[in-house]
Protein chains: 2
Amino acid sequence: MAVTDVADPFDMSLAAISKHLTILTRAGLISQEKRGRVKWCKLEPDAMRNASIWMQSFGQFEAVNLDAFEQFLKQELQD
Amino acid sequence: MAVTDVADPFDMSLAAISKHLTILTRAGLISQEKRGRVKWCKLEPDAMRNASIWMQSFGQFEAVNLDAFEQFLKQELQD
DNA sequence: GCAATATTCAACCAAATGGTTGACGATTTA
DNA sequence: TAAATCGTCAACCATTTGGTTGAATATTGC
């Protein structure tokens with residue numbers, strides 16, 4: 001999907017969409033390939049795998065274990 | 001886990017932690033129960049179920065289907 | 001060859017976020 | 001009973017975010 005196609009349904013400037021797509025690319029959620037003057041964007045299927053796995057574990061601990069949660073967050077912040 | 005216990009490992013004010021916990025409560029990610037002067041916090045286990053399910057679906061579409069992704073986002077924004 | 005299209009950039013601005021401090025009220029402890 | 005503790009509130013401030021506009025570059029189409 002081209003950048004202008006992504007932008008089409010939104011009531012905001014192309015420059016703003018371009019900014020968002022840059023962030024999504026940097027986050028690894030989408031990838032972009034330039035062919036001619038058009039940049040083609042596509043989703044990266046595995047991009048949220050780790051986040052999804054982490055979310056599935058959310059709450060698996062006993063409520064008392066916010067310590068474990070905090071440790072996890074610290075570790076994630078270090079990454 | 002009490003609010004002060006949550007705050008303990010972080011190098012920031014209790015007021016800031018309290019703000020964050022208010023947001024997490026409002027988001028349904030944790031719940032809080034006051035007993036005496038202490039507020040006990042616990043994770044809500046199912047809080048991220050919908051997000052996790054959505055993330056698992058991320059990328060399942062053909063790359064051409066950013067349309068479907070957009071429709072999904074619109075729908076989510078309406079919710 | 002020039003106009004149109006696609007896209008980004010820089011500069012700008014308003015709104016939102018994320019923290020602090022000091023004060024305060026409720027509860028507990030000594 | 002007073003001090004200590006727990007937690008929130010309001011006000012404030014700096015930073016970040018999220019958008020715009022106009023200009024610019026690269027590419028395509030007529």
Side-chain angles (χ1 to χ4, degrees), chain A residues 1-44 47-48 50-51 54-55 58 61-79, chain B residues 1-44 47-48 50-51 54-55 58 61-79:
Chain A
M1 189 171 231
V3 172
T4 42
D5 297 322
V6 177
D8 191 47
F10 297 101
D11 186 26
M12 61 199 256
S13 73
L14 186 56
I17 297 292
S18 180
K19 272 182 166 181
H20 284 297
L21 292 175
T22 298
I23 293 166
L24 290 170
T25 302
R26 220 183 311 128
L29 297 174
I30 66 168
S31 57
Q32 290 184 303
E33 180 193 1
K34 189 169 187 177
R35 289 190 247 122
R37 68 188 174 191
V38 177
K39 265 222 181 131
W40 296 97
C41 312
K42 64 179 188 181
L43 290 173
E44 287 297 326
M48 294 195 192
N50 288 344
W54 178 82
M55 283 184 168
F58 193 83
F61 302 106
E62 294 291 339
V64 73
N65 270 348
L66 264 175
D67 290 301
F69 181 54
E70 284 175 14
Q71 294 306 320
F72 178 91
L73 286 181
K74 279 183 179 178
Q75 201 171 5
E76 288 301 295
L77 286 172
Q78 280 163 4
D79 283 318
Chain B
M1 188 171 231
V3 172
T4 42
D5 297 323
V6 177
D8 192 47
F10 298 101
D11 186 26
M12 61 198 258
S13 72
L14 185 55
I17 297 291
S18 180
K19 274 183 167 180
H20 283 297
L21 292 175
T22 299
I23 294 166
L24 289 170
T25 302
R26 221 186 308 130
L29 297 174
I30 66 169
S31 58
Q32 290 182 305
E33 178 194 3
K34 189 167 186 179
R35 290 193 246 118
R37 69 184 177 194
V38 176
K39 264 218 184 138
W40 295 99
C41 313
K42 65 179 188 182
L43 291 174
E44 287 297 326
M48 293 195 192
N50 289 343
W54 178 82
M55 283 184 168
F58 193 83
F61 302 108
E62 295 289 341
V64 72
N65 268 348
L66 263 174
D67 289 300
F69 180 55
E70 287 174 11
Q71 292 307 320
F72 179 91
L73 287 180
K74 279 183 178 178
Q75 203 172 6
E76 288 301 295
L77 287 171
Q78 280 163 4
D79 286 318

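When reading the values below, keep in mind they use all heavy atoms of this one structure, side chains included, and skip hydrogens, waters and symmetry mates. Order of the sequence lines sets the chain letters (A, B, ...), proteins ahead of strands, with each chain counted from 1.
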Student: Please find the pair of heavy atoms, one from A/Glu44 and one from A/Ser31, that lie closest to each other, and give the distance.
Tutor: OE2-OG, 2.6 Å

Student: In whole angstroms, how far is the P atom of D/dG19 from the CG atom of A/Leu14?
Tutor: 13 Å

Student: Establish, with yes or no, whether the OP1 or OP2 oxygen of D/dG19 is under 4.0 angstrom from a side-chain nitrogen or oxygen of A/Ser13.
Tutor: no

Student: Determine whether any donor atom in the side chain of B/Lys19 lies under 3.5 Å from an acceptor atom in the base of C/dG19, or the reverse, and answer yes or no.
Tutor: yes

Student: Whole angstroms only, please: what is the CG-C1' distance between A/Leu24 and D/dG18?
Tutor: 13 Å

Student: Base, sugar-phosphate alone, or nothing: which one does B/Lys34 contact when heavy atoms must sit under 4.0 Å apart?
Tutor: nothing

Student: Between B/Thr4 and D/dG7, does any side-chain N or O lie under 4.0 Å from OP1 or OP2?
Tutor: yes

Student: Locate the shortest heavy-atom distance separating B/Ala47 from B/Gly28; write the atom from each residue and the value.
Tutor: CB-O, 3.3 Å

Student: Closest-nucleotide mapping onto DNA chain D: is A/Ile17 or B/Leu21 further toward the 5' terminus? I mean the 5' end.
Tutor: B/Leu21

Student: Check if the side chain of A/Arg37 and the base of C/dT7 share a donor-acceptor pair of N or O atoms closer than 3.5 Å.
Tutor: no

Student: Rounded to the nearest angstrom, tell me the gap between atom CE in A/Met1 and atom C1' in C/dA6.
Tutor: 15 Å

Student: Does A/Thr22 reach the main-chain N or O of A/Ser18 with its side chain, forming a donor-acceptor pair under 3.5 Å?
Tutor: yes

Student: Please report the shortest heavy-atom distance between B/Ile17 and B/Val3, naming the atom on each side.
Tutor: CG2-O, 4.3 Å

Student: What's the CE-C1' distance between B/Met12 and D/dT15, to the nearest Å?
Tutor: 15 Å

Student: Does A/Ser18 make a side-chain N or O approach to OP1 or OP2 of C/dT8 shorter than 4.0 Å?
Tutor: yes

Student: Separation of A/Trp40 atom CH2 from D/dT27 atom P, in whole Å?
Tutor: 16 Å

Student: Which listed nucleotide (D/dT20, D/dT8, C/dT20) is nearest to the side chain of B/Ala16?
Tutor: C/dT20

Student: Between atom CZ in A/Arg35 and atom P in D/dT28, what is the gap in whole Å?
Tutor: 12 Å

Student: To the nearest Å, give me how far apart CG (A/Asp8) and P (C/dT7) are.
Tutor: 12 Å

Student: Whether B/Lys39 contacts D/dT8 is assessed here as follows: a side-chain N or O lying under 4.0 Å from the phosphate OP1 or OP2. Is that the case?
Tutor: yes

Student: Any heavy-atom pair between the side chains of B/Leu24 and B/Gln32 that's under 4.5 Å?
Tutor: no

Student: Please report the distance, rounded to the nearest Å, between NE2 in A/His20 and C1' in C/dT8.
Tutor: 15 Å

Student: If you pin B/Ala15 and B/Ile23 to their nearest nucleotides in DNA chain C, which one's is more 5'?
Tutor: B/Ile23

